[in-house]
Amino acid sequence: MNAALLPIASHHCKAIVFRGGISAAVSGMERFYDNGSIQIAGLSLLSVAFAGEPEGRLKYLSEHVKSVDHVVATMRWYGHDIQLMESSCAFLALLLVGVCHQVECALLLLLVEKVLQSMSAFPQSEALQVWGCKVISHVTTSDLLSDTTMATRCVQMVITALGRHKGTPAVQTWGAYALYQIICCCALNASIVTMGHRDLILELCQRRAPGLTEEANSYLSSLQTVLEV
């Protein structure tokens, strides 16, 4: 089981964030960059900390921006390692919640590029597709997807994930949410991105996979309403 998915008490998260846990984890990852196990352990620690403590994400971004570059480099060095890619995408999905608008656009673009590459390299990984869809949904709060080329790539990746993992509720829920965020929350994307995908997305909305959560059905219904106008 990926340690990044384990729950952690709020007070423990605060201890990790404010008593030097982040700095210690990043220092170890940078020192032993050639050890994949240490990279995964460090990413897992950072992930559980940020999952439970919003203040930690802002503290991390303000004090450890350069270490995000290390995560990008790690994804490049270990692009063949599915477990490390899952841990990296999990970390980014948790780090970027509600703070994308505070991340430099060039860095955010680099992070999303790496996530899209990972999703493409390991399409069979349900966990990676879920984390990837979460990252995509988060970046809709930034200006990144005003670039229709990037928005289109994200739509294509999400559609691929939804098609491959029809029986996985988590992929279906987060994939539906990502599409909803990309298209419904940006009029430009709704009119341009869907030009080549409208029929495919509508079919996805109409022929829903069995066992979808109420949440996923809600996103798909909203998306269908927008596309049929």
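If you read the sequence from its start, that first residue is 1, and numbering goes on from there. Here the structure is a predicted model, which means the values were calculated and not measured. Below, each value reflects all heavy atoms present in this structure, side chains not excepted, and no hydrogens, waters or symmetry copies.
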> Any side-chain heavy atom of E113 within less than 4.5 Å of one from R153?
Replying inline: yes
>> According to side-chain contact (heavy atoms from CB on, under 4.5 Å), who are the partners of I82, at least two apart in sequence or on a separate chain?
In response: E86, F122, Q124, S125
>> For Q83, is there any backbone N or O sitting under 3.5 Å from a side-chain donor or acceptor partner on S87?
In response: yes
>> Restricting to ring-ring contact (aromatic ring centres under 6.0 Å, His included), what partner residues turn up for Y33, sequence neighbours left out?
In response: W77
> What residue pairs, at least two apart or across chains, pass salt bridge (charged side-chain N to carboxylate O under 4.0 Å, His left out) with a residue in residues 174-184?
Replying inline: none
> Hey, what's the ring geometry for Y177 with Y180, parallel, tilted or perpendicular (30° and 60° as the breaks)?
Replying inline: parallel
> Under the side-chain contact (heavy atoms from CB on, under 4.5 Å) test, which residues partner R76, sequence neighbours left out?
Replying inline: V72, A73, K114
> Does L94 offer a backbone N or O that forms a donor-acceptor pair with the side chain of H138 under 3.5 Å?
Replying inline: no
>> When you measure from the side chain of T173 to the backbone of A170, do you find a donor-acceptor pair of N or O atoms at a distance under 3.5 Å?
In response: no
>> Once side-chain contact (heavy atoms from CB on, under 4.5 Å) is applied, do any residues pair with S142, and if so which ones, sequence neighbours excluded?
In response: C100, L108, V139, L144
> What residues form a side-chain contact (heavy atoms from CB on, under 4.5 Å) with M157, not counting sequence neighbours?
Replying inline: L116, M119, S120
>> Using a 3.5 Å distance criterion without hydrogens, assess whether the side chain of Q39 forms a donor-acceptor pair with backbone atoms of F32.
In response: yes
